[in-house]
Amino acid sequence: MTTRRALLAAPFAAPAIVHAQEGWPSRSVTVLLGYPPAGVTDFASRGVCERMGRALGQTVILENRPGAATAVANTAVAQARPDGYTLLMGTSTLAINPALQPTLTPRDPMRELTPIGMVFRTAFVLHVHPSVPARTPAELIAYAKANPGKLNFGSSGTGAVNHLCLELFRARAGIDVVHVPYRGGAPALLDLRAGRIQGMFNAVQEALPAVREGATRGLAISSRERASAMPELPPLADTLEGFDGVFWQGLFGPAGLPAPIVARAGAALRETTTDPALIARMAEQGVALATGDDAALRRTLAEETQMWGRLIREQNIRPE
């Protein structure tokens with residue numbers, strides 16, 4: 001009898017599921033972020049969620065859930081029901097963690113999450129203390145080669161994207177500089193201002209005040225393209241061909257997220273990331289909104305997982 005009821009109910013179940021997908025969202029959507037409040041990721045995420053909510057006709061709530069190199073938020077979404085009501089502001093850490101900290105979950109973000117679309121890219125400023133006699137990346141490389149092991153470069157922590165940019169710079173330039181990891185970017189920047197370290201890669205938003213005040217000297221930008229907030233800085237790729245190190249963010253759902261929800265969320269995200277007012281607001285903070293779809297985000301994750309994984313293995317980088 002039970003089997004017969006199930007068989008009779010089956011034809012009606014599929015239309016109900018399809019209707020639920022087509023009616024998404026019928027209530028508020030929660031987007032998890034693996035970083036605490038404040039900072040460029042929180043600032044950008046809140047702006048995007050607010051604007052995306054207007055596009056969807058429902059409130060999109062950003063929930064900060066930091067911990068374990070963003071794995072707390074990443075895992076929560078990977079384990080959530082694929083109904084579109086729990087999404088993730090995933091970042092570059094999804095491409096870094098598998099090689100740097102392989103015990104963290106999700107161990108295979110490519111399979112355990114569903115890409116929806118790109119949100120933003122933000123470059124890093126290579127800047128130095130004024131005591132360093134270099135005004136271009138080429139001059140810095142020459143000075144570092146003439147003074148091996150004498151320059152200290154800070155980062156916001158081992159395995160952070162700005163640390164990996166430093167490692168990529170060190171490897172590509174063939175220089176010997178000392179990495180000094182800090183617990184966050186703020187204390188590292190304070191020491192750079194004071195001259196206790198000599199250089200650092202900082203997000204544009206963080207480096208801009210120090211460079212404008214003359215406390216540090218900007219030499220280059222880490223992305224292939226110039227940053228609108230600091231257009232005077234040339235791409236590091238002008239000196240080291242192909243150099244491209246950025247922090248990116250994209251919207252993900254759990255694995256198995258239905259295609260109609262991916263399409264609806266992706267369309268709302270594209271409407272958000274092409275909003276001129278939001279673009280201008282983000283650009284003031286050095287954030288370049290990106291308009292890539294789910295395929296572009298999947299490609300970015302795959303390419304950077306390979307790039308950062310290779311660098312981590314070659315430089316034998318281990319978490320603190």
Side-chain angles (χ1 to χ4, degrees), residues 34-35 41 68-71 73-75 77-78 88-124 126 153 155-175 179 181 201 203 220-225 235-257 262 266 269 288 290-320:
Y35 293 86
T41 51
T70 72
N74 300 342
T75 301
V77 174
L88 173 71
M89 282 292 186
T91 68
S92 299
T93 60
L94 289 169
I96 295 168
N97 286 347
L100 185 69
Q101 303 188 71
T103 59
L104 293 180
T105 56
R107 293 184 175 86
D108 189 355
M110 292 288 292
R111 297 183 61 183
E112 297 177 61
L113 294 168
T114 299
I116 295 173
M118 294 294 299
V119 175
F120 76 80
R121 285 165 48 97
T122 185
F124 297 94
L126 171 59
F153 273 68
S155 81
S156 56
T158 300
V161 185
N162 66 338
H163 168 221
L164 296 184
C165 279
L166 169 61
E167 295 294 345
L168 187 61
F169 176 58
R170 185 160 64 173
R172 291 287 310 279
I175 56 176
H179 171 229
F201 282 86
I221 203 81
S222 66
S223 58
R224 289 194 182 101
E225 62 281 347
L236 196 47
D238 288 357
T239 303
L240 300 172
E241 186 177 356
F243 192 102
D244 187 37
V246 301
F247 180 90
W248 57 263
Q249 188 159 295
L251 187 65
F252 293 82
L257 191 66
V262 173
L269 182 60
T291 56
D293 60 8
D294 57 319
L297 179 54
R298 186 178 293 106
R299 186 167 56 250
T300 295
L301 178 57
E303 290 174 353
E304 295 222 345
T305 298
Q306 182 179 30
M307 179 182 74
W308 292 134
R310 182 172 59 248
L311 180 72
I312 288 166
R313 289 187 294 271
E314 289 176 352
Q315 302 302 314
N316 194 30
I317 299 171
R318 295 288 181 266
E320 297 170 330

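Fair warning: this is a prediction, and the values are worked out from it, not measured in the lab.
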Colleague: What's the separation between atom CE in Met89 and atom OG1 in Thr91, rounded to the nearest 0.5 Å?
Modeller: 11.0 Å
Colleague: Mind jotting down which residue pairs meet the side chain to side chain donor-acceptor pair (under 3.5 Å) criterion with at least one end in residues 235-251? Sequence neighbours excluded, please.
Modeller: Ser45-Gln249, Ser92-Trp248, Arg224-Asp244, Trp248-Glu304
Colleague: Measuring only between side-chain heavy atoms, which start at C-beta, is Phe124 closer than 4.5 Å to Val161?
Modeller: yes
Colleague: Rounded at 0.5 Å granularity, tell me how far CZ in Arg299 sits from CE in Met118.
Modeller: 10.0 Å
Colleague: Classify the angle between the aromatic ring planes of Phe243 and Phe169 as parallel (below 30°), tilted (30 to 60°) or perpendicular (above 60°).
Modeller: perpendicular
Colleague: What's the shortest heavy-atom distance between Pro106 and Leu113, and which atoms?
Modeller: CG-CD1, 4.4 Å
Colleague: Please tell me if the side chains of Leu168 and Leu240 come closer than 4.5 Å, counting only heavy atoms from C-beta onward.
Modeller: no
Colleague: Which pair of non-hydrogen atoms, one from Ile116 and one from Leu257, has the smallest distance, and what is that distance?
Modeller: CD1-CD2, 3.9 Å
Colleague: Any sub-3.5 Å donor-acceptor pair from Asn162's side-chain atoms to Ser155's backbone N or O?
Modeller: no
Colleague: Do the side chains of Asn74 and Thr93 get nearer than 4.5 Å, heavy atoms only?
Modeller: yes
Colleague: Is there a donor-acceptor pair under 3.5 Å between the side chain of Asp294 and the backbone N or O of Val262?
Modeller: no
Colleague: Parallel, tilted or perpendicular for Phe247 and Tyr35, by the 30°/60° rule?
Modeller: perpendicular
Colleague: How many angstroms lie between CZ in Phe153 and NE2 in His163, if you round to the nearest 0.5 Å?
Modeller: 12.5 Å
Colleague: Looking at Ile221 and Ala123, what are the two nearest heavy atoms and their distance?
Modeller: CG1-CB, 3.6 Å
Colleague: Could you tabulate the donor-acceptor pairs under 3.5 Å formed by side-chain atoms of residues 312-319, not counting sequence neighbours?
Modeller:
| from | atom 1 | to | atom 2 | distance (Å) |
| --- | --- | --- | --- | --- |
| Arg313 | NH1 | Gly309 | O | 3.4 |
| Asn316 | OD1 | Arg318 | NH1 | 3.3 |
| Asn316 | OD1 | Arg318 | NH2 | 2.9 |

Colleague: How far apart are the closest heavy atoms of Leu251 and Leu269, and which atoms are they?
Modeller: CB-CD2, 4.0 Å
Colleague: Could you note down all residue pairs passing side chain to side chain donor-acceptor pair (under 3.5 Å) where residues 109-119 supplies at least one of them, sequence neighbours left out?
Modeller: none
Colleague: Can Leu236 and Phe201 be said to form a side chain to side chain contact (heavy atoms under 4.5 Å, CB included), step by step?
Modeller: CA-CA 11 Å; Leu236 196 47; Phe201 282 86; 4.1 Å; yes
Colleague: Of all heavy-atom pairs between Pro109 and Leu94, which one has the smallest distance, and what is that distance?
Modeller: CG-O, 3.6 Å
Colleague: Please report the shortest heavy-atom distance between Pro235 and Ala220, naming the atom on each side.
Modeller: C-CB, 4.5 Å
Colleague: Ser223 side chain to Val246 main-chain N or O, any donor-acceptor pair under 3.5 Å?
Modeller: no
